[in-house]
2 protein chains.
Amino acid sequence: MTSRQFADAVFEDHVGLRGRQWEQELPDVDTRGMAVLGRARWITLAARPAIEAVFARHGLDTGEFDVLSTLLRAGAPYRLRPTELYRSLMISSGGLTDRLSRLEKAGLIERVAAEKDGRSLPVQLTGEGRARAEAAFREDMAIEARLLDALTEEEQSRLAQLLSKLAGSLAAAPQN
Amino acid sequence: MTSRQFADAVFEDHVGLRGRQWEQELPDVDTRGMAVLGRARWITLAARPAIEAVFARHGLDTGEFDVLSTLLRAGAPYRLRPTELYRSLMISSGGLTDRLSRLEKAGLIERVAAEKDGRSLPVQLTGEGRARAEAAFREDMAIEARLLDALTEEEQSRLAQLLSKLAGSLAAAPQN
DNA sequence: GCTGACTATCTCGACATCGAGATATTGGAG
DNA sequence: CTCCAATATCTCGATGTCGAGATAGTCAGC
């Protein structure tokens, strides 16, 4: 720490320990990729239980919530085509069909005939689906904000900015 | 952008678009949590295909690689107890048993009797397992470094530092 | 108006993981 | 010693997702 700027100080965490183990075992490998992507993955996994608990209180799992929230934030009439949904959610078309079946059976969405394209069977939130999605989303955002409490507002903002730059570059890349 | 410092500028990305949609639909909700955790999740998902392709070239999936790499970085004799493994990997004990069975059948690990505790059946890399893990790890780190190319070294370092602070706080929290 | 390439969605068998319970073992209290 | 609560791992039925293929519909060009 003495020869480092404070801004570069890396805090003790699970991925940091991993990095030191690799340094011992394979000192010639550059693990900077892991320092970012490995931590992003670890944080995602670690935050999961708290967030899933929110959805479970509303009778949803993460995948189902993802569908409902995508429809909700699309704005009235809260309707999207399955293709838009599975691309946005980064899942397979088959996986989406299953989620939609569950949500339809639960009365949270309904399938409405497309106006123009007969191949398409758009999906739309029901009133209950809209209410459920909004309630779960509000609680989710409250929990997620709490998970970031240890960071100052400035750190959160800087972190979001750096992540958005990385995300932008990943989206732009051919297919990495 | 005019009224903002450049350092706070948020780049165009998928989660940024989501944030603007929520701003339209539910303007009173604070979505800062999503700006960080949502992006961490999105980046993890977006980086996945490129990384999985590496493992696939070595005949592994991500879960199997995670087991092998955990054993490898533990150092000689590359042996850990199943409990250490599933806790480190953040999966269930049952899920680990299945991964171990596959890896054992593939000849990449072997189960050796514990010296002291008869309840425990530690797992150890075979020579082939060690070689496979190292080769896949080296390639993985090369790909991950490339995925970060769009960021300067300083940005990567700052990002890693902020993520480590967040990860540390999540690990410290009771159970969030 | 046909035709063929393309698109949108669904079907379905394979499979990895979960998670509650079963089995075997340990170690400390009495 | 003997018990029993705690521990380590495995078993196994349920389930969510993948992904290749099937089905139905569209549209541009002839």
Side-chain angles (χ1 to χ4, degrees), chain A residues 41 44-46 48-53 55-56 59-68 70-71 79-106 108-124 175, chain B residues 41 44-46 48-53 55-56 59-68 70-71 79-106 108-124 175:
Chain A
R41 188 172 165 224
T44 299
L45 283 174
R48 210 171 175 180
I51 294 173
E52 284 184 337
F55 301 147
L60 301 170
D61 68 23
T62 300
E64 292 162 350
F65 171 78
D66 284 344
V67 172
L68 296 185
T70 301
L71 288 166
R79 179 189 306 159
L80 290 172
R81 291 176 301 123
T83 300
E84 295 172 307
L85 280 168
Y86 77 72
R87 285 193 183 144
S88 170
L89 299 170
M90 297 196 263
I91 63 169
S92 67
S93 61
L96 180 69
T97 298
D98 290 342
R99 286 191 195 175
L100 294 179
S101 302
R102 277 178 272 149
L103 289 167
E104 188 172 34
K105 190 179 301 181
L108 302 177
I109 62 163
E110 53 195 2
R111 296 176 207 233
V112 298
E115 293 164 12
K116 313 281 281 186
D117 191 336
R119 296 166 299 180
S120 188
L121 197 53
V123 148
Q124 179 174 328
Q175 84 279 349
Chain B
R41 188 171 165 224
T44 298
L45 283 174
R48 209 171 176 179
I51 294 173
E52 284 184 337
F55 301 147
L60 300 169
D61 67 23
T62 300
E64 292 162 349
F65 171 78
D66 284 344
V67 171
L68 297 185
T70 301
L71 288 166
R79 180 189 307 159
L80 289 172
R81 291 176 300 124
T83 300
E84 295 171 306
L85 281 169
Y86 76 71
R87 286 192 184 146
S88 170
L89 299 170
M90 297 197 263
I91 62 170
S92 67
S93 61
L96 180 70
T97 298
D98 290 341
R99 286 191 195 175
L100 294 180
S101 303
R102 277 178 274 149
L103 289 167
E104 188 172 34
K105 192 180 300 183
L108 302 176
I109 62 163
E110 51 195 1
R111 296 175 207 231
V112 298
E115 294 164 13
K116 312 281 281 186
D117 191 334
R119 294 167 300 181
S120 189
L121 198 52
V123 149
Q124 179 174 330
Q175 85 279 347

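Letters A, B, ... are given to chains in the order of the sequence lines, protein chains preceding strands, and every chain is numbered from 1.
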* Roughly how far, to the nearest 0.5 Å, is the CG atom of A:Leu80 from the CZ atom of A:Arg87? -> 13.0 Å
* Structure fact -> Considering only heavy side-chain atoms of B:Arg111, the closest of D:dG16, D:dC10, C:dC10 is D:dC10
* Straight-line distance of B:Ile109 CD1 to B:Arg102 CZ, nearest 0.5 Å -> 10.5 Å
* **Options C:dC10, C:dA16, D:dC10, nucleotide nearest the side-chain atoms of B:Leu121** => D:dC10
* **Distance, rounded to the nearest Å, where B:Glu52 contributes CD and C:dC15 contributes P** => 16 Å
* To do: Mind calculating the distance between CZ (A:Arg81) and P (D:dT26) to the nearest angstrom?
  => 13 Å
* Structure fact -> Among D:dC12, D:dT17, D:dC10, the one nearest any side-chain atom of B:Asp98 is D:dC12
* **Whole angstrom value for the distance that separates C1' of C:dC15 from CD1 of B:Ile91** => 15 Å
* So, A:Glu52 side chain and A:Pro49 main chain: donor-acceptor pair closer than 3.5 Å or not? -> no
* To do: Determine the contact category for B:Leu96: base if any of its heavy atoms lies under 4.0 Å from a base atom, sugar-phosphate if only primed atoms, P, OP1 or OP2 are that close, otherwise nothing.
  => nothing
* What is the distance from CE of B:Met90 to P of C:dG19, rounded to the nearest Å? -> 15 Å
* Value in whole Å for how far the P atom of D:dG19 lies from OH of A:Tyr86 -> 13 Å
* B:Arg48, CZ atom: more than 12 neighbouring heavy atoms under 6.0 Å -> no
* **For atom CG of B:Asp61 and atom C1' of C:dC15, their distance in whole Å** => 10 Å
* To do: Remember a base hit wins even if backbone is also touched, and classify B:Ser92 as base, sugar-phosphate or nothing at under 4.0 Å, heavy atoms.
  => base
* Could you pick out which residue, B:Arg87 or A:Gly95, lies toward the 5' side of DNA chain D when each is mapped onto its nearest nucleotide? => B:Arg87
* Rounded interatomic separation in angstrom, taking CG from A:Leu103 and C1' from D:dT15 -> 15 Å
* Asked: Which nucleotide sits closest to the side chain of B:Arg102: C:dA16, C:dC10, C:dG19?
  -> C:dA16
Validation: residues 92-100 of chain B side-chain donor-acceptor distances under 3.5 Å, sequence neighbours left out:
from	atom 1	to	atom 2	distance (Å)
B:Ser92	OG	B:Gly95	N	3.0
B:Thr97	OG1	B:Ser93	O	3.2
B:Arg99	NH1	B:Gly63	O	3.1

* Identify which nucleotide among C:dA16, C:dC10, D:dG16 has an atom closest to any side-chain atom of A:Leu100, counting heavy atoms from C-beta outward. => C:dC10
* To do: Assign A:Ser120 to base, sugar-phosphate, or nothing according to its heavy-atom contacts below 4.0 angstrom with the strands shown.
  => sugar-phosphate
* side-chain hydrogen bond (donor to acceptor under 3.5 Å, both in side chains) involving B:Glu110 - partner list, sequence neighbours excluded -> none
* To do: Using atom CG of B:Leu85 as one end and atom P of D:dA8 as the other, report the distance to the nearest whole Å.
  => 13 Å
* Measure the shortest side-chain to side-chain distance between B:Ile91 and B:Asp66 over non-hydrogen atoms and say whether it is less than 4.5 angstrom. => no
* Asked: For B:Arg99 and C:dT17, is the shortest distance between a side-chain N/O and OP1 or OP2 below 4.0 Å?
  -> yes
* Asked: Can you name the nearest heavy-atom pair linking B:Gly59 to B:Glu64, along with the distance?
  -> O-OE1, 4.1 Å
I'd like a list of close polar pairs between nucleotides 21-24 of chain D and the protein, N/O only, cut-off under 3.5 Å.
none

